[in-house]
Amino acid sequence: MQKKIKLKAMFTAVFVVCAMLSGCLGNKPDTSQSQAKETLYLFNSKGENAQQFKKMCDDFTAETGIPTSPFSVGSGQDALEPLRTQMNSKNPPAIFSMQGLKELPEWKEGGRVLDLSTVQDAEFKAIVDSIPDSMKLSADGKESYGIPFNVEGYGYMVDKQMLNDLFGEENGQKILDELKTCSYDDFTAFCLAVTDYINTSAAQPVILNGNSYSFNTQKTGLAQKLNGVFAFAGAEKWTYGDHLINVAMNAVFPDSRSAENTTAAQVDELKTPFVAYAKGLDFVSSHAAGLKAAAKRGSDLISQANFGYDQSIQMYADSNALFLQQGNWAYSNISKVNDEVARRSVFIPVKLPFTKDMIKTGKSVEDINSSIPVYVPNYYTINAKASETAQKQAMQFLVWLYKPENVQKYIVDSFESIPFNADESINIKNSLSVSILEYMEKDKILGAPYHGAPNIWSSEVVGKEIMEKYLVKENWSESDYEAISSFAVDQWKQMKNIK
Amino acid sequence: MEKYYRKWFWLLIMPSMLLFFFVIAIPFIVGTLYSFTSWRGTYFAGGSFLNSFVGFGNYIKAFSDERFIHSLVYTSLYTLAAVVAINLVALAFSLMLNNIKKGVGIYRTIFFLPNMLGGLAMGFVWQFIFQVVYTEILFSPDGLFHAEFLRYMTQNTTKALFALVIMTVWQSAGYMMLIYISGLNSIPGDLYEAAQIDGAGPVRRFFKVTLPLLMPSVTIVLFLTLANSFKLLDQNVALTNGNFNTRLIALQILRTVQDNTPPDYGTAQAQAVIFFVIVAVISLFQVSVTRRKEVEY
């Protein structure tokens, strides 16, 4: 009897532990198709808008009766690991997000991503067909694996009021317009004059596009707070590793697809644009502002405590710096520090000392130096291994989201993003987004070929090399420019295994 | 009581055994098997487990990766420095506290407190300390006293190693101190008296009485510090994130996944198995050596 009780107790213990662990072990996808309406699982990689994303899903459920279960990663958290975990779970997402060509091979090879160009549903097909070729998530241009979540852009942000305070109310807007189109030489001369003005309260007039403008005779308003030209985040490799180098890459590759399918000869063509990149970076990093006083290039400039992302935002929002190289995603961060500055900010293009012979895309030097990169940072993709019902519901969700009224309500108003198909019917208030739309309307936009470069090449390889070896050096020489350029080109070829 | 334990022995250890089996043993076996395949995190590269079998390919890849070898060497150096430093500081704390009469509880609490902080939080706190307090306030030319080698500690491979050691000593010494204190408390006072009567001074008493009888605690503390140092991750991520060639082996394994597209979990898994073997061999060797030094009285 005693033995029986003992055995029963043991089996109960085994059962309890197994039951506890069963949740961890089940990893087969739910392929049940018996229900007419399955729960639609969605993976959202933008933790910053988790609440708004959930609200959108709830609204969809209320309207269609399809139950939804969104999963958002933590704010600022890397999305790939949680996504892989979700994919291995009992309920893998039917809709997930992908950051572009760099992430496509993994999901394509694993058979997880649906080629949307094969879908027959008329309403959904219309959305897929409306994606401009340059925005397609496709390595060959024929397939199409995602619906753009939004578009983003970046450049040098500038506060219009700061220009008014430097050059007078009557000249502020004119200067801004000139800065959008001026040459690299005009731009650097302008920056040097601003540096003089900061240091001595007096400077020679600046000449932009042949027109001369004088500084205010006395420092007034925000100009009194300036201590440097650029808010430079030396500790953030991605700002010069990804974004600044991307401008140089536009000299050879118009988009990420062409960079992805490159040959060794084309990569070699990047050598001279990368020298221009190094010169441009030299100029920016030696005219950096600081939180208290102008910064000097050296070990301090890569300190996370003084020259990280947050500090660069602070410098710009506090008017310590005239320009900040960032994108429209930084709007809310700037707004938290100084909403007035955020609302007055617009973009001018990031300029580099290109010459005509460097550019292989058919554009002119003037074109590139008066355009800003605008690209799709994230795509909605459909899980090809989800059940047929779940796939159909996923398409139904995307068709619902891309109804014009929902684009305005969710993508623009709720997520504060720019829809890929933005037109005049869209009402955007965010000043930086409006600035991007203006560039888009004038077709003054560049691509994001860095998305097509080998994984981690731009930030973790080139950016890291620059941070560790060059930003800590006070002076750069011609041979440093050459070394940076050769390193970037050689590493690309090595990582891509092309000769 | 002994009868009770004998009777219910299997039932009482069953939950732990099952948890160990499901949470440690199975993942370990599966992980080891995956290290022989092209596992990509959510799928096998060849389509199935068998088709993606690469034999020792991932192990060869791991050993031919310069970054992996560097991180192995760097981790070994860090472990050596950290184990020595933590043990010396913990032992010094425990001897000091063993000899004071007032406020022992407060000191113990203060020394133990840093251990309550999570690794990431600790890393970020010390990043600020090294980048601002050390660099700008204490050791700058205008600071308390100028010591260039203590500035920019996170921007140099060697300095960062010592920065990590300083941080982990601060974190772990209090915890290890408690183990040493319990060891010291178990040494009978009459042995010291006898030694003193025989004419042994404080140093001789320490080496001839305290240390031999403290060996059980030394075995535990050495094992813990050795294992903890080898697998240090969070603090490494937060303090340097591997910049300036400061990847310890755990971070290297983590980054192997991100360094490749599609993610190379197979090779990362092979690195983890190599890592396990190294830590296991060193730890077992250390335990067997220090055990032999333990004495009974």
Side-chain angles (χ1 to χ4, degrees), chain A residues 2 5-18 20-22 24-25 27 78 80-81 83-88 92 101-112 235 237 298-300 302-308 385 454-457 460-461 463-464 467-469 471-472 495, chain B residues 7-23 26-27 30 38 40-47 123-124 127-136 140 148 151-157 238-246 254-255 257-265:
Chain A
Q2 274 253 303
I5 293 172
K6 209 168 162 182
L7 269 173
K8 268 186 188 172
M10 281 176 76
F11 277 118
T12 312
V14 171
F15 176 77
V16 169
V17 174
C18 289
M20 276 164 59
L21 293 166
S22 61
C24 312
L25 297 173
N27 64 348
D78 175 48
L80 271 173
E81 287 299 332
L83 177 56
R84 288 180 194 129
T85 309
Q86 288 294 311
M87 283 296 185
N88 287 331
L101 279 182
K102 275 185 184 176
E103 292 179 7
L104 184 60
E106 174 181 358
W107 304 111
K108 204 172 155 183
E109 193 180 64
R112 287 276 185 188
K237 292 167 283 191
S299 297
D300 269 331
I302 61 167
S303 150
Q304 192 76 44
N306 295 322
F307 294 93
K385 288 195 174 173
N455 188 31
I456 75 162
W457 168 84
E460 282 304 312
V461 177
K464 193 172 172 180
M467 183 182 82
E468 293 178 358
K469 289 192 182 159
L471 289 181
V472 292
M495 292 174 79
Chain B
K7 187 176 168 188
W8 296 103
F9 177 76
W10 286 107
L11 183 67
L12 289 170
I13 65 158
M14 187 61 72
S16 308
M17 289 289 285
L18 285 172
L19 277 173
F20 176 81
F21 182 70
F22 282 115
V23 180
I26 288 187
V30 171
S38 302
R40 298 285 179 255
T42 53
Y43 64 95
F44 290 103
F124 289 123
Q127 190 187 61
F128 177 82
I129 293 173
F130 287 127
Q131 293 186 355
V132 177
V133 180
Y134 272 45
T135 305
E136 292 174 20
S140 74
E148 204 54 37
R151 302 181 74 211
Y152 308 112
M153 294 283 284
T154 55
Q155 293 183 20
N156 172 289
T157 316
L239 193 68
T240 62
N241 200 16
N243 290 330
F244 294 93
N245 279 328
T246 57
L254 192 71
R255 293 284 183 262
V257 173
Q258 292 173 11
D259 288 350
N260 298 282
T261 304
D264 195 352
Y265 278 90

Which pair of non-hydrogen atoms, one from [X] and one from [Y], has the smallest distance, and what is that distance?
X         : Y         : value
Gly242(B) : Lys464(A) : O-NZ, 3.5 Å
Gly41(B)  : Asn88(A)  : O-ND2, 2.9 Å
Pro263(B) : Arg84(A)  : CG-NH2, 3.4 Å
Gln155(B) : Ser299(A) : NE2-O, 2.9 Å

[X], part contacting chain B, at a heavy-atom distance under 4.5 Å:
X         : answer
Trp457(A) : neither
Lys108(A) : neither
Val472(A) : side chain

From [X] [atom1] over to [Y] [atom2], what is the distance, rounded to the nearest 0.5 angstrom?
X         : Y         : atom1 : atom2 : result
Asp300(A) : Arg151(B) : CG    : CZ    : 7.0 Å
Glu468(A) : Thr157(B) : CD    : OG1   : 7.5 Å
Thr42(B)  : Arg112(A) : OG1   : CZ    : 5.5 Å
Leu254(B) : Glu81(A)  : CG    : CD    : 7.0 Å
Leu80(A)  : Gln258(B) : CG    : CD    : 8.0 Å

So, does Asn306(A) use its side chain to make a donor-acceptor pair with the main chain of Val132(B) at under 3.5 Å? no

Give a yes or no answer on whether the side chain of Gln127(B) reaches the backbone of Gln304(A) with a donor-acceptor pair at less than 3.5 Å. no

Under the rule for side-chain hydrogen bond (donor to acceptor under 3.5 Å, both in side chains), what residues qualify as partners of Tyr43(B), not counting sequence neighbours? Glu109(A)

Evaluation steps, side chain to side chain contact (heavy atoms under 4.5 Å, CB included), between Ile456(A) and Arg255(B): CA-CA 11 Å; Ile456(A) 75 162; Arg255(B) 293 284 183 262; over 6 Å; no

Counting only heavy atoms closer than 4.5 Å, note whether [X] contacts chain A via side chain, backbone, both or neither.
X         : value
Phe244(B) : both
Asn156(B) : neither
Tyr265(B) : side chain

Does atom CE of Met17(B) have more than 12 heavy-atom neighbours from other groups under 6.0 Å away? no

